[in-house]
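Report on one structure; see the data block that follows.
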Amino acid sequence: MNRKKLQKLTDTLTKNCKHFNKFEVKCLINLFYNLVGEGTERQGVVLGLDRNAFRNILHVTFGMTDDMIMDRVFRGFDKDNDGCVNVSEWIYGLSLFLRGTLEEKMKYCFEVFDLNGDGFISKEEMFHMLKNSLLKQPSEEDPDEGIKDLVEITLKKMDHDHDGKLSFADYEQAVREETLLLEAFGPCLPDPKSQMEFEAQVFKDPNEFNDM
């Protein structure tokens, strides 16, 4: 990518990006092209990270292991549902992922957990997600029972209008009262340690980039 094009892209993305400054956007664009690899653009292919490449980043860089959640995070980034995270989706996604406000993170986590996109987190959805995130104890007669109990406990704590499912309003109220509930159904945001390491690695001293 030539300098002019990079400059223009950086400017456009910085303008629309709340949480990164110009230097950081530039670093993330460079990282994106390193990850995607050069050359894909020339063949007229959409340039982006496909599901596997993206999940690999989530796994290696941010320590995520839950397939279902990683899949949902990918969908959260891939706003136009074309099966690829392009450079602007990458920047905007990371902006929220790494530095989003509580409001932004609540909206994002809720969308991740609302598996069928109907605006509610149902008991079935909770069950699915919790089943994935809990380690099975070999001694348990029926591990599903424990998860069902957990779903009930969660509903008791979070379902403010008692309709047996979580609306965004329920979820928001619960998270405001207890921030730990933000990721109640699985880790879909980076933990502080991997976030710091990622930023330290990617946002290096601007002087190193003088030859750009």
Side-chain angles (χ1 to χ4, degrees), residues 1-101 104-117 129 132 183 186-191 194-204 206 208-209 211-212:
M1 180 179 258
N2 63 35
R3 186 177 303 184
K4 215 173 187 165
K5 226 165 142 190
L6 177 66
Q7 202 52 50
K8 202 169 160 200
L9 184 63
T10 307
D11 290 346
T12 314
L13 292 176
T14 308
K15 228 190 258 104
N16 299 319
C17 184
K18 283 191 219 157
H19 304 297
F20 293 134
N21 62 35
K22 199 164 175 175
F23 164 68
E24 291 165 336
V25 167
K26 202 175 203 171
C27 293
L28 288 169
I29 293 174
N30 283 328
L31 173 64
F32 177 84
Y33 283 104
N34 286 340
L35 289 167
V36 172
E38 297 298 327
T40 11
E41 200 176 21
R42 282 196 290 279
Q43 300 135 21
V45 184
V46 179
L47 195 55
L49 296 162
D50 65 14
R51 188 180 302 256
N52 288 338
F54 187 78
R55 279 171 51 148
N56 193 36
I57 296 166
L58 291 179
H59 179 64
V60 175
T61 311
F62 298 113
M64 293 191 181
T65 51
D66 185 328
D67 282 338
M68 188 192 312
I69 297 284
M70 287 197 285
D71 223 39
R72 300 294 303 163
V73 173
F74 174 76
R75 286 180 189 207
F77 270 69
D78 179 21
K79 290 290 182 213
D80 59 6
N81 290 326
D82 66 350
C84 246
V85 170
N86 63 35
V87 67
S88 53
E89 289 171 337
W90 165 252
I91 301 283
Y92 301 148
L94 281 175
S95 159
L96 186 156
F97 195 65
L98 295 169
R99 303 195 179 166
T101 61
E104 290 170 324
K105 284 182 174 169
M106 284 193 290
K107 202 163 163 295
Y108 156 81
C109 290
F110 187 83
E111 280 173 12
V112 167
F113 300 145
D114 175 12
L115 299 178
N116 66 357
M129 290 183 283
N132 273 4
E183 296 179 83
C188 55
L189 287 161
D191 62 83
S194 49
Q195 178 187 342
M196 271 165 58
E197 284 170 3
F198 176 78
E199 293 202 13
Q201 235 173 346
V202 179
F203 304 144
K204 293 205 175 101
E208 290 179 33
F209 289 115
D211 56 352
M212 266 171 56

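- Closest of all the heavy-atom pairs between V85 and E89 is CA-OE1, 3.3 Å.
- Using the six-membered ring where Trp is involved, F198 and F62 have ring planes that are tilted, between 30° and 60° apart.
- Side chain of Y33 to main chain of L28: no donor-acceptor pair is present (N/O by atom type, distance under 3.5 Å, no hydrogens or angles).
- With rounding to the nearest 0.5 Å, the separation of OG1 in T65 from CG in L58 is 11.0 Å.
- Within the 4.5 Å cutoff, the side chain of L189 has heavy atoms near those of the K105 side chain.
- The heavy-atom pair separating L98 from F20 by the smallest distance is CD1-CZ, 4.0 Å.
- Partners of D67 by side-chain contact (heavy atoms from CB on, under 4.5 Å), not counting sequence neighbours, listed by chain and number: R55, M70.
- Shortest non-hydrogen contact noted between D50 and A53 is OD1-N, 2.8 Å.
- Not one N or O on the side chain of S194 forms a donor-acceptor pair closer than 3.5 Å with the backbone of P190.
- Below 30°, between 30° and 60°, or above 60°: for F32 and W90 the angle between ring planes is between 30° and 60°, a tilted geometry.
- Without hydrogens or angle criteria, D78 side chain to D82 main chain gives a donor-acceptor distance under 3.5 Å.
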Check your understanding: Which is it for E111 and K107 under the side-chain contact (heavy atoms from CB on, under 4.5 Å) test, yes or no, and what are the steps along the way?
Key -> CA-CA 6 Å; E111 280 173 12; K107 202 163 163 295; 3.6 Å; yes

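- Residues C109 and C188 approach most closely at SG-SG, 3.6 Å, considering heavy atoms.
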Review point. Are N21 and T14 close enough, and set up right, to give a side-chain contact (heavy atoms from CB on, under 4.5 Å), and what steps lead you there?
Key: CA-CA 6 Å; N21 62 35; T14 308; 5.7 Å; no

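- Here the straight-line distance linking atom CG of D191 with atom CE of M64 works out to 8.5 Å at 0.5 Å rounding.
- In this structure the side chain of L6 reaches within 4.5 angstrom of the side chain of N30, judged on heavy atoms.
- Taking the side chain as every heavy atom from C-beta outward, Q201 and M196 never approach each other to under 4.5 Å.
- For R99, the salt bridge (charged side-chain N to carboxylate O under 4.0 Å, His left out) criterion is met by E24, E199, not counting sequence neighbours.
- Rounding to the nearest 0.5 Å gives a distance of 11.0 Å between CD of Q7 and NZ of K4.
- A distance-only check finds a donor-acceptor pair linking the side chain of R72 to the backbone of L115 [under 3.5 Å].
- A distance-only check finds no donor-acceptor pair linking the side chain of S95 to the backbone of I91 [under 3.5 Å].
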Practice item. Tell me, with the steps shown, if V36 and L49 meet side-chain contact (heavy atoms from CB on, under 4.5 Å). Key: CA-CA 6 Å; V36 172; L49 296 162; 3.8 Å; yes

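- Between N86 and L47, the closest side-chain pair of non-hydrogen atoms is not below 4.5 Å.
- Here NZ of K15 is found 11.5 Å from OG1 of T10. Values are rounded to the nearest 0.5 Å.
- Close placement of the F97 and F77 rings is indicated, their centers lying within 6.0 Å of each other.
- Between T61 and N56, the closest side-chain pair of non-hydrogen atoms is not below 4.5 Å.
- Across L13 and S88, no two heavy atoms sit closer than the pair CD2-CB, 3.4 Å.
- Residues passing the ring-ring contact (aromatic ring centres under 6.0 Å, His included) test with F110 are F168, Y171, sequence neighbours excluded.
- Without hydrogens or angle criteria, E104 side chain to L96 main chain gives no donor-acceptor distance under 3.5 Å.
- For the pair D11 and K22, the minimum side-chain heavy-atom distance is below 4.5 Å.
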